[in-house]
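Just so you know, ligand 1 is whichever comes first in the structure, and atom 1 is the first atom listed for that ligand.
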Amino acid sequence: MTQATTANLQKLLKERYGNHPPALNLINETIATLLDHRSVRSYTNQPLPAQTLETLVAAAQSAATSSNLQVWSVVAVQDQGRKDRLAALAGNQAHISACPLFLVWIADLSRLQTLGDKNQKAYDGLDYFEMMMVATIDSALAAQNAAVAAESLGLGTVYIGGIRNKPEEVAQELGLPARSFATFGMCVGYPDPALPTGIKPRLPQASVLHHEQYDASVHAKIIADYNASMETFSVEQGMKTSQPWELQSLHRVRGPEALSGRDRLVAALNKLGFDMK
Ligand SMILES: Cc1cc2nc3c(=O)[nH]c(=O)nc-3n(C[C@H](O)[C@H](O)[C@H](O)COP(=O)(O)O)c2cc1C
């Protein structure tokens with residue numbers, strides 16, 4: 001856990017925002033843990049303490065949930081063969097095989113379908129995109145609570161959106177019922193100190209924080225500083241920097257071919273028992 005001091009806050013803000021940190025002085029252990037986040041993709045062999053999984057799930061279940069519907073679930077994967085197969089399905093991401101615990105967060109409308117069948121009640125509302133949104137938002141809020149809890153215990157995590165590359169195969173591997181869908185995975189393990197990861201800079205607050213009304217004119221103006229912060233970070237981390245952040249990001253959305261198979265997500269969801277309207 002990060003020590004919550006004003007000096008530490010200034011260090012964390014400098015790392016998070018590069019040369020233009022906001023002038024802030026509110027700090028406590030929770031805020032320090034949040035500001036200290038970095039994705040971790042290398043782990044030691046140290047096993048997780050007993051009850052880690054159940055503690056992370058208690059944190060996840062403490063997140064707010066739309067209308068208290070709780071339309072999410074999580075599948076905890078520790079079997080090496082299953083982690084290896086999921087790693088392959090998610091684009092050969094070796095950290096899935098390497099982590100001691102792989103959590104797959106499920107947007108889960110199947111529970112309400114089951115309860116509807118049991119009570120012989122209609123559940124036509126489940127077919128609308130709105131409910132897919134609700135389930136996806138619920139699973140993301142739950143997962144982020146678990147991630148923060150893990151980090152507060154000295155563990156590292158990384159989300160795995162690659163789990164959406166092949167939704168039907170993932171659903172089969174996890175035995176998911178109809179109307180449930182793996183939104184993303186999350187590797188959990190103790191960070192390998194031999195391969196430390198830095199705090200990745202974020203956009204200046206002026207790019208994301210608007211007062212009263214959205215100011216679209218800011219985006220083009222202030223991006224140069226952020227490109228520079230990301231370039232510095234990439235050099236420090238020994239990563240290849242072929243082009244500025246804004247061009248890398250645009251490359252990622254250039255067309256359906258850049259979506260790693262997820263351009264067919266709506267078709268896949270409908271095959272998994274959703275019938276989105
Ligand atoms: C929903 C989601 C999906 C992600 N998918 C992957 C992934 O498949 N593989 C991976 O290595 N990182 C993945 N990431 C991690 C992001 O790349 C990372 O959060 C981002 O670059 C910011 O870096 P940081 O988390 O270290 O601050 C994902 C993050 C999120 C929120």
Side-chain angles (χ1 to χ4, degrees), residues 2 12-18 21 31-43 60 63 72 74 77 83-99 102-107 132-133 135-148 150-152 155-167 169-170 181-189 191-192 195-205 207-208 226-227 229-234 236-253 258-262 265:
T2 309
L12 291 170
L13 289 171
K14 174 95 179 60
E15 291 182 63
R16 183 59 76 204
Y17 289 102
I31 293 170
T33 299
L34 290 166
L35 292 182
D36 200 42
H37 162 78
R38 73 282 313 270
S39 290
V40 173
R41 298 177 178 84
S42 304
Y43 316 97
W72 64 273
V74 60
V77 179
K83 281 189 292 179
D84 292 344
R85 291 190 292 279
L86 290 170
L89 290 173
N92 295 316
Q93 299 202 49
H95 30 284
I96 300 175
S97 292
C99 67
F102 186 56
L103 299 176
V104 188
W105 299 90
I106 312 295
M132 189 68 206
M133 287 279 286
T136 305
I137 293 168
D138 264 16
S139 68
L141 297 179
Q144 181 60 15
N145 261 20
V148 173
E151 291 176 1
S152 77
L155 294 163
T157 67
V158 61
Y159 281 91
I160 302 294
I163 212 74
R164 295 191 304 277
N165 291 3
K166 300 208 162 131
E169 287 93 329
V170 167
F181 156 65
T183 50
F184 43 77
M186 182 186 287
C187 302
V188 182
D192 183 351
L195 294 163
T197 318
I199 291 177
K200 192 181 278 187
R202 294 293 195 261
L203 290 164
Q205 287 204 353
S207 185
V208 301
Y226 184 62
N227 288 332
S229 296
M230 277 301 293
E231 164 110 40
T232 306
F233 174 80
S234 300
E236 281 168 7
Q237 296 292 303
M239 290 153 62
K240 268 196 241 156
T241 49
S242 47
Q243 50 184 356
W245 173 85
E246 68 182 281
L247 294 184
Q248 277 177 41
S249 300
L250 289 170
H251 189 69
R252 180 73 180 73
V253 295
L259 298 182
S260 309
R262 298 177 223 167
L265 200 52

* Identify the closest protein heavy atom to atom 12 (N) of ligand 1: which residue and atom is it, and at what distance? -> Arg41 NH2, 3.1 Å

* Asked: Hey, does Gly161 come in under 3.5 Å of ligand 1, counting only N/O atoms on both sides?
  -> yes

* Asked: CG of Leu12 to NE2 of His37: how many Å apart, nearest 0.5 Å?
  -> 13.0 Å

* Nitrogen or oxygen atoms of Gly162 and ligand 1 under 3.5 Å apart -> yes

* Cys187 versus Tyr43, closest heavy-atom pair with distance -> CB-OH, 3.1 Å

* Asked: Any N/O of Arg202 closer than 3.5 Å to an N/O of ligand 1?
  -> yes

* What is the closest protein heavy atom to atom 20 (C) of ligand 1, and at what distance does it sit? -> Lys200 NZ, 3.8 Å

* Asked: Which heavy atom of the protein is the closest neighbour of atom 30 (C) of ligand 1, given with residue, atom name and distance?
  -> Tyr159 CB, 3.5 Å

* Asked: Do you know which of Tyr159, Trp72, Phe102 makes ring-ring contact (aromatic ring centres under 6.0 Å, His included) with Phe184?
  -> Tyr159

* Can you see which heavy atom on Ala90 is nearest to which on Ile96, and at what distance? => CB-CD1, 3.8 Å

* Give the numbers and elements of all ligand 1 atoms closer than 4.0 Å to a heavy atom of His95. => 11 (O)

* Given side chains that start at C-beta, do those of Glu15 and Asp36 come closer than 4.5 Å, heavy atoms only? -> no

* Asked: Looking only at heavy atoms, is any part of Val158 under 4.0 Å from ligand 1, and if so is it the side chain, the backbone, or both, or is it neither?
  -> side chain

* To do: List the closest protein heavy-atom neighbour of atom 18 (C) of ligand 1: residue, atom name, distance to the nearest 0.1 Å.
  => Ser39 OG, 3.6 Å

* Structure fact -> Gln93 heavy atoms within 4.0 Å reach ligand 1 at atoms 7 (C), 8 (O), 9 (N), 10 (C), 11 (O)

* Report yes if Arg38 has an N/O atom closer than 3.5 Å to an N/O atom of ligand 1; otherwise report no. => no

* **Step-by-step side chain to side chain donor-acceptor pair (under 3.5 Å) determination, Tyr17 to Gln205** => CA-CA 9 Å; Tyr17 289 102; Gln205 287 204 353; 3.1 Å; yes

* Asked: Got a donor-acceptor contact below 3.5 angstrom from the Arg16 side chain to the Lys200 backbone?
  -> yes

* Point-to-point distance, once rounded to the nearest 0.5 Å, from CD of Glu151 to CZ of Arg38 -> 8.5 Å

